[in-house]
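Basis for what follows: all heavy atoms, side chains included, without hydrogens, waters or symmetry-related copies. Start at 1 and go down the list; that is how both ligands and their atoms are numbered.
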Amino acid sequence: MKIALITGVSKGLGEALAKLFLESGIHVLGISRNSNGRLVKIATKNNVNYEHYPCDLSNISELENVIEKIQEDVNRLNPSLFYLINNAAVIDPIHQVTQIENDRLAYHFQLNVVAPMILMNQMLNYSSSSNTTFIGVNITSGAAERPVYGWSAYCSSKASINMYTKTVALEQVNLKTGQKIIAFNPGIMDTTMQQTIRSSSKESFIEIDKFKGYKENKQLRDTDMVAGILIDILNDEASIENGKIYDVNEYF
Ligand SMILES: NC(=O)c1ccc[n+]([C@@H]2O[C@H](COP(=O)([O-])OP(=O)(O)OC[C@H]3O[C@@H](n4cnc5c(N)ncnc54)[C@H](OP(=O)(O)O)[C@@H]3O)[C@@H](O)[C@H]2O)c1
């Protein structure tokens with residue numbers, strides 16, 4: 001049995017990934033604050049399990065409790081392959097650095113960096129000690145490698161996730177565990193995150209007209225299409241390059 005644990009399953013890319021996993025017969029455990037009735041129906045239709053774990057990933061004690069519960073449930077299912085997709089993230093705060101409030105910055109890093117690192121560390125440890133093959137994916141962004149005016153938090157958090165990915169992979173290669181971890185840049189997609197970007201001010205985000213243009217000119221990709229590319233990468237298990245930052249743009 002194969003299981004995929006995905007964060008941010010209530011909408012956007014996370015929902016699309018959960019849907020494709022369920023449709024290919026893989027059981028899905030989903031974390032987000034809001035539930036998703038569409039995934040429950042898809043699971044029933046495909047005769048697989050979908051379990052939702054409500055959790056605010058910015059809250060460390062909620063995260064620790066949910067990890068404990070997930071490990072108990074996974075133990076019972078005893079999978080041969082375990083995927084972790086760290087997808088949930090926010091773009092806010094969008095501001096020039098002197099205007100950023102401390103608590104919003106702390107929330108951003110807890111959600112975009114600390115929670116994915118804790119989940120990856122814990123689930124990798126769990127999988128290795130239970131002899132389960134583990135493939136971890138951190139969803140990143142092109143912003144990890146390009147400074148964007150107003151996006152200091154997001155550029156820095158995604159750069160952190162890329163370096164974390166490379167470091168974990170280096171350790172796994174040295175330890176000869178066979179466990180793999182990659183990052184995946186999904187490119188620009190038509191989701192709530194893009195709505196948030198378009199609703200910022202030109203003063204906070206000087207590239208706003210370019211991003212409004214992406215929507216107007218239908219350049220934002222559909223999440224199902226992007227999710228399909230990541231699933232194809234994961235299905236070709238032997239070819240997955242440990243520590244690689246995959247970029248969706250290489251597949252178009
Ligand atoms: N959209 C783009 O153009 C784009 C481009 C490059 C990279 N990305 C990356 O792709 C990934 C998915 O983005 P998206 O566009 O699909 O985002 P989205 O539509 O805004 O969805 C974000 C997901 O994260 C969850 N989430 C947010 N805050 C949370 C919290 N505190 N606790 C638990 N879950 C939380 C949300 O669920 P709840 O609100 O129900 O909790 C939701 O399911 C992100 O890592 C993003 O950085 C997106």
How close does the nearest protein non-hydrogen atom get to [atom], and which residue and atom is it?
| atom | result |
| --- | --- |
| atom 16 (O) of ligand 1 | Leu13 N, 2.9 Å |
| atom 3 (O) of ligand 1 | Gln194 NE2, 2.7 Å |
| atom 37 (O) of ligand 1 | Ser10 OG, 2.9 Å |
| atom 4 (C) of ligand 1 | Gly187 O, 3.6 Å |
| atom 47 (O) of ligand 1 | Tyr154 OH, 2.6 Å |
| atom 1 (N) of ligand 1 | Thr191 OG1, 3.0 Å |
| atom 23 (C) of ligand 1 | Gly8 CA, 3.7 Å |
| atom 13 (O) of ligand 1 | Met193 CE, 4.2 Å |

Of all the atoms in ligand 1, which lie at a distance below 4.0 Å from a heavy atom belonging to [X]?
| X | answer |
| --- | --- |
| Asp56 | 30 (C), 31 (N), 32 (N) |
| Ile188 | 3 (O) |
| Val9 | 43 (O) |
| Ile139 | 9 (C), 10 (O), 11 (C), 45 (O) |
| Gly12 | 16 (O), 19 (O) |
| Cys55 | 32 (N), 33 (C) |
| Thr192 | 19 (O), 20 (O) |

Side-chain ([X]) to main-chain ([Y]) donor-acceptor, under 3.5 angstrom:
| X | Y | answer |
| --- | --- | --- |
| Ser127 | Leu124 | no |
| Thr132 | Ser80 | no |
| Asn242 | Gln179 | yes |
| Lys158 | Glu145 | no |

Check this for me - ligand 1, [X], N or O atoms closer than 3.5 angstrom, yes or no?
| X | result |
| --- | --- |
| Lys158 | yes |
| Ile31 | no |
| Arg33 | yes |

Name the orientation class of the two ring planes belonging to Tyr83 and Phe21 (parallel below 30°, tilted from 30 to 60°, perpendicular beyond 60°). tilted

On the 0 to 90° scale, with breaks at 30° and 60°, tag the His52-Tyr50 ring pair as parallel, tilted or perpendicular.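 Rings of His52 and Tyr50: parallel, as their planes differ by under 30°.
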
Quick one: do the Gln172 and Thr177 side chains pair a donor with an acceptor below 3.5 Å? yes

Below 4.0 angstrom, N of the basic side chain to O of the carboxylate: do Arg76 and Glu51 qualify?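 Salt bridge between Arg76 and Glu51, a charged N being under 4.0 Å from a carboxylate O: no.
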
Salt-bridge present (Lys202, Asp209; N to O < 4.0 Å):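 Yes, Lys202 and Asp209 are salt-bridged.
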
Could you work out, for [atom], the closest of [options] by heavy-atom distance?
| atom | options | result |
| --- | --- | --- |
| atom 22 (C) of ligand 1 | Gly14, Ser157, Ala89 | Ala89 |
| atom 2 (C) of ligand 1 | Met189, Gln110, His52, Gln195 | Met189 |
| atom 24 (O) of ligand 1 | Ala88, Ala18, Pro116 | Ala88 |

Run the numbers on Ser58 and Asp56 for side-chain hydrogen bond (donor to acceptor under 3.5 Å, both in side chains), then give the verdict. CA-CA 5 Å; Ser58 72; Asp56 182 343; 2.7 Å; yes

For Asp224, enumerate each residue passing the side-chain hydrogen bond (donor to acceptor under 3.5 Å, both in side chains) test, keeping only those at least two apart in sequence or located in another chain.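 With neighbours one apart ignored, the set is Lys19.
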
Residue part near ligand 1, for Tyr107, under 4.0 Å between non-hydrogen atoms: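 Near ligand 1, Tyr107 shows its side chain, while the N, CA, C and O stay back.
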
Part of Leu111 within contact of ligand 1 (heavy atoms, under 4.0 Å): side chain

Show your working on side-chain hydrogen bond (donor to acceptor under 3.5 Å, both in side chains) between Ser157 and Asn112 and close with a plain yes or no. CA-CA 6 Å; Ser157 66; Asn112 284 24; 3.2 Å; yes

Determine the sole option in Asn138, Leu13, Leu234 for which the side-chain contact (heavy atoms from CB on, under 4.5 Å) test with Ile85 is passed.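 Single side-chain contact (heavy atoms from CB on, under 4.5 Å) partner of Ile85 among Asn138, Leu13, Leu234: Leu234.
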
Of Leu29, Asn65, Ile3, Asn75, which meets side-chain contact (heavy atoms from CB on, under 4.5 Å) against Ile70?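 Output: one option passes, namely Leu29.
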
Non-hydrogen atoms of Thr140 versus ligand 1: any pair closer than 4.0 Å? yes

